[in-house]
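In each ligand, atom 1 is the first atom listed, and ligand 1 is the first ligand listed.
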Amino acid sequence: MLQSLTSLYMSSPECHIYFGRQDKPYLIDADKTQINRVFTNLLQNAIQAIPEGQEGHVAISMKEEGPHWVVVEVIDNGAGISPEAQEKIFVPNFTTKSSGTGLGLAMSKNIVEQAGGEIWFRTSPGMGTTFFVRLPLVADQSEASYS
Ligand SMILES: Nc1ncnc2c1ncn2[C@@H]1O[C@H](COP(=O)(O)OP(=O)(O)OP(=O)(O)O)[C@@H](O)[C@H]1O
Ligand SMILES: [Mg+2]
């Protein structure tokens with residue numbers, strides 16, 4: 001699913017998108033359309049964070065955390081988030097973009113929490129930002145697939 005999202009952005013020669021080691025699919029109990037929205041917004045934010053003229057690198061990684069959780073990381077080498085903005089990014093309508101709604105992260109937080117998960121970030125102004133999404137795994141993973 002994440003692969004199909006990134007193909008949307010492959011047309012940009014200025015931005016390279018990488019997948020980390022992903023040995024298997026994970027089954028989570030969440031609405032597919034909603035989860036799609038979360039990662040579409042995180043990827044879009046990552047790409048939009050790359051300053052004009054800078055080569056962008058965006059990486060996505062998935063890791064199991066114990067038997068019950070999967071953590072997805074969306075890592076960019078963009079502008080980072082200023083300390084003032086850090087406190088507001090999940091607040092509805094907060095945006096630093098001329099054409100942004102500022103609803104992306106507020107919505108993402110709702111969706112992830114609705115699915116029993118958590119979303120947080122680590123940022124270093126001038127160096128980049130990583131968003132983390134932790135989601136609960138379904139106990140029986142035998143039906144997990146890439147679709
Ligand atoms: N990866 C990132 N790097 C730097 N700043 C970010 C990143 N992700 C989010 N932000 C900051 O958080 C703000 C809020 O993000 P959010 O996705 O909620 O809204 P938006 O991207 O501005 O608008 P929309 O999602 O409607 O396009 C952004 O305007 C930006 O300032
Ligand atoms: Mg956004």
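Salt-bridge formation is detected for the pair K24/E64: a Lys NZ or Arg NE/NH1/NH2 atom is positioned less than 4.0 Å from an Asp or Glu carboxylate oxygen.
Here atom 18 (O) of ligand 1 lies nearest to L105 when heavy atoms of V74, I81, N77, L105 are compared. Looking at V58, I89, L43, it is I89 that brings a heavy atom closest to atom 12 (O) of ligand 1.
No part of L42 comes within 4.0 Å of ligand 1, judged by heavy-atom distances. At a 4.0 Å heavy-atom cut-off, ligand 1 touches F131 through the side chain alone. Neither the backbone nor the side chain of T123 comes within contact range of ligand 1; no heavy atom lies under 4.0 Å.
In this structure, the protein non-hydrogen atom closest to atom 21 (O) of ligand 1 is K97 NZ, 2.7 Å. Protein heavy atom nearest atom 22 (O) of ligand 1, with residue, atom name and distance: T95 OG1, 2.5 Å. Considering only non-hydrogen protein atoms, atom 31 (O) of ligand 1 sits nearest to T96 OG1, 2.5 Å. When hydrogens are left out, the protein atom nearest atom 25 (O) of ligand 1 is N41 OD1, 3.1 Å; that is the closest non-hydrogen contact. At the top of the distance list for atom 3 (N) of ligand 1, counting protein heavy atoms only, stands A49 CB, 3.2 Å. Atom 27 (O) of ligand 1 has as its closest protein heavy atom G100 CA, 4.1 Å. With hydrogens left out, the protein atom closest to atom 14 (C) of ligand 1 is F94 O, 3.4 Å, a heavy atom. The closest protein non-hydrogen atom to atom 26 (O) of ligand 1 is T101 OG1, 2.5 Å.
Taking CD1 of I17 as the reference point, atom CD1 of I47 lies at 4.0 Å (rounded to 0.5 Å). Of the inter-residue distances, the one linking L105 atom CG with I111 atom CD1 reads 11.0 Å to the nearest 0.5 angstrom. Rounding to the nearest 0.5 angstrom, the gap separating the CG atom in D76 from the CE atom in M127 is 11.5 Å. Rounding to the nearest 0.5 Å places CD1 of I60 at 4.5 Å from CG of L43. Taking NZ of K109 as the start and CD1 of I89 as the end, the distance is 9.5 Å to the nearest 0.5 Å. To the nearest 0.5 Å, atom CD of residue E65 and atom CG of residue L137 are 10.0 Å apart.
Side-chain atoms of Q141 come within 3.5 Å of backbone N or O of L27 as a donor-acceptor pair. Counting only distance, with no hydrogens or angles, the side chain of T123 and the backbone of G128 share a donor-acceptor pair below 3.5 Å.
K97 NZ: more than 12 foreign heavy atoms inside a 6.0 Å radius. Counting non-hydrogen atoms of neighbouring residues, nucleotides and ligands closer than 6.0 angstrom, the CD atom of Q114 reaches no more than 12 such neighbours. Counted within 6.0 Å of CG on D31, heavy atoms from surrounding residues, nucleotides or ligands total more than 12; the atom is thus considered enclosed. Surrounding CD of E87 are at most 12 heavy atoms belonging to other residues, nucleotides or ligands under 6.0 Å away.
Note: F90 and F121 have tilted aromatic rings, judged against thresholds of 30 and 60 degrees for the angle between ring planes.
Counting only protein atoms, the N, O or S atoms lying less than 2.8 Å from the Mg ion (ligand 2) are N41 OD1, N45 OD1, ordered by chain and residue number.
Remark: ligand 1 and D76 share an N or O pair separated by less than 3.5 Å (distance only, no angle test). Below 3.5 Å of separation, one finds an N or O of N45 facing an N or O of ligand 1.
Put simply, part of G102 is less than 4.0 Å from ligand 1, judged by heavy atoms. In this structure, G78 does not count as a contact residue of ligand 1, since none of its heavy atoms falls inside 4.0 Å of the ligand.
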